[in-house]
Amino acid sequence: MATLSKSLGNTGADRPVAVAACPDCGMAQAIPDLPFGAAARCCRCDARLAGHRGDTVQRTLALALAGLVLFCIANAFPFLSLRLEGQIRETCLLTGIVELYRQGFAGLAVLVLATCVAVPLAQLAGLAYLMVPAAAGRAARHTAPVFRLLVRLKPWGMIEVYMLAILVAMIKLAKMADIVAGPGLWAFVGLIVVVAAAFSGLNPEDVWQRLPRQKVPEPWGGALTACHCCALTTPLAPSGESGRCPRCGARLRAVKPLSLQRTWALVLAAVVFYVPANILPVTITRTLGAEQADTIMSGVIYFMLSGSWHIALIIFTASILIPMLKLLILIYLLLSVQFRSRWKPGDRTRLYRFTEAVGRWSMVDVYVVTVLAALVRLSPLASVAAGPGAVYFAAVVVITMVAAESFDSRLIWQYGDPGENPRI
């Protein structure tokens, strides 16, 4: 829930202003007319509120179409090839997913398929669907639900994390076999660049301004709230009753319902799964009849002893440190809200943003297992299978990401001074 800041009178005389409610702290502020390339940030928590990028439709459409072409190439051509003792094993993007399913890890296979294949494809297809009519000056049918879906899917597209896992796997296998990059891998690298450029350069207002706004009901004249989908600032009912955004149709609420209860339940579940994720093996390697089970920590130790300390640091940070930090930060934020802490809400909001930004990178270990299972299938010489620890670890990553989404950062500010830490 938002209230207008007392400092809004300093925005400049006779300049056109609009009111925007911050989605992170709930404070409503005046946004002056911005020059090209400028952005407005919350004067309390530094969240980005608005920006002026110009028309980005043509560029986004070109990137989306290029991404679809690269996606087809990445899936149609060989990805990596492994040569060992005269045997050659070629893989494509789907090989590891199929191998996980054959090993009995159907849930893990579905997760990798969704985050590395289905979600990126849906993102590119959704962007192309929206941008083709927008380039002609009109809105596509069902624009609002399609764009809402793109917003929800954005954290779950993890092709850049998969690329990091490929590099880790290549370094691990380089001492025992020859690894050759295929055309599918180079197309995948291009796909990562194109998807990142498409979403970072997209101005959502190019989509939303083409949609007519529905009239807000008369009784709705209470406090202001920002739509978490299209960022439109809309008044809530005086009673705090939830409604729909007049532009995109998303649900509007002063605070996410049962935010604390849901986040506590998810965090506790992640804590339970975190223990077996670190104790049980994530990979089982078989070479000439010998079998070796490796946990996450033993993998870190392997890279340290082999001289690849930088890879050991990446795995330790992504697979051990970040999940632990996320759990500790979420527990701290939950406790601070429940005990009505007023201590540095700006710093706590930045901690929350950190948990949202870094959680997806913990998937790197799951993807390393997928790549190894796809490449090392040279029976009886060598083979790699996923272990039960990989399932628990994937569960920790997914649950903590959902927990971060369930937490409402506006709760951090509800007991503080509405005008705290203003920056004009």
Side-chain angles (χ1 to χ4, degrees), residues 95-116 156 158 161-162 164-173 176 266-287 290-306 308 311-328 330 358-377 379 382-404:
T95 305
I97 298 170
V98 173
E99 185 62 24
L100 287 177
Y101 180 81
R102 287 176 177 171
Q103 293 176 7
F105 296 95
L108 208 57
V110 170
L111 177 62
V112 178
L113 177 67
T115 54
C116 295
W156 300 97
M158 303 183 189
V161 185
Y162 193 83
L164 178 60
I166 291 172
L167 295 177
V168 172
M170 290 176 68
I171 293 173
K172 184 171 184 177
L173 296 174
M176 60 174 286
L266 291 166
V267 167
L268 293 176
V271 170
V272 171
F273 286 128
Y274 185 78
V275 177
N278 285 274
I279 294 176
L280 297 177
V282 292
T283 59
I284 300 172
T285 306
R286 299 179 179 90
T287 53
E291 184 174 293
Q292 178 180 341
D294 289 309
T295 62
I296 296 174
M297 183 55 74
S298 67
V300 173
I301 295 172
Y302 167 82
F303 281 110
M304 288 183 64
L305 295 178
S306 62
S308 302
I311 301 298
L313 181 61
I314 290 174
I315 296 178
F316 177 80
T317 302
S319 301
I320 296 177
L321 186 60
I322 288 179
M324 183 185 300
L325 279 178
K326 277 196 72 173
L327 290 172
L328 292 176
L330 286 171
V358 303
R360 60 209 303 274
W361 289 94
S362 297
M363 280 291 289
V364 65
D365 222 46
V366 176
Y367 295 150
V368 169
V369 174
T370 305
V371 176
L372 292 177
L375 279 173
V376 188
R377 294 182 297 137
S379 298
S383 65
V384 173
V391 177
Y392 287 102
F393 184 77
V396 171
V397 177
V398 172
I399 291 172
T400 52
M401 288 181 65
V402 177

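Predicted model only: the values in this text are computed from it and were never measured.
- Of all non-hydrogen atoms in F105 and G387, the two that sit nearest each other are CE2-O, 3.9 Å.
- Here the closest non-hydrogen pair linking A373 and E99 is O-CG, 3.4 Å.
- The two residues T400 and V397 have their closest heavy-atom pair at OG1-O, 2.9 Å.
- Looking only at side-chain heavy atoms (C-beta outward), V364 and I315 stay at 4.5 Å or farther from each other.
- Closest of all the heavy-atom pairs between V369 and A386 is CG1-CB, 3.6 Å.
- Summarising the geometry of K326 relative to A404, their closest heavy-atom pair is NZ-CB, 4.5 Å, with the distance given to 0.1 Å.
- Between Y392 and F273, the angle of the ring planes lies from 30° to 60°, which puts this pair in the tilted group.
- For the side-chain contact (heavy atoms from CB on, under 4.5 Å) test with I97, the passing option among L113, V110, L108 is L113; the others fail.
- The minimum heavy-atom distance linking P323 with F393 is given by the pair CG-CE1, 4.1 Å.
- You'll find the side chain of S319 stays beyond 4.5 Å of the side chain of S362, heavy atoms only.
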| task | Test side chain to side chain contact (heavy atoms under 4.5 Å, CB included) on F303 and V168 and set out the steps. | result | CA-CA 10 Å; F303 281 110; V168 172; 4.0 Å; yes

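- Considering only heavy atoms from C-beta on, M363 comes within 4.5 Å of L111 through its side chain.
- Note that CZ of F316 is 9.5 Å distant from CE of M304, once rounded to the nearest 0.5 Å.
- Counting heavy atoms from C-beta on, the side chains of Y162 and T115 never come closer than 4.5 Å.
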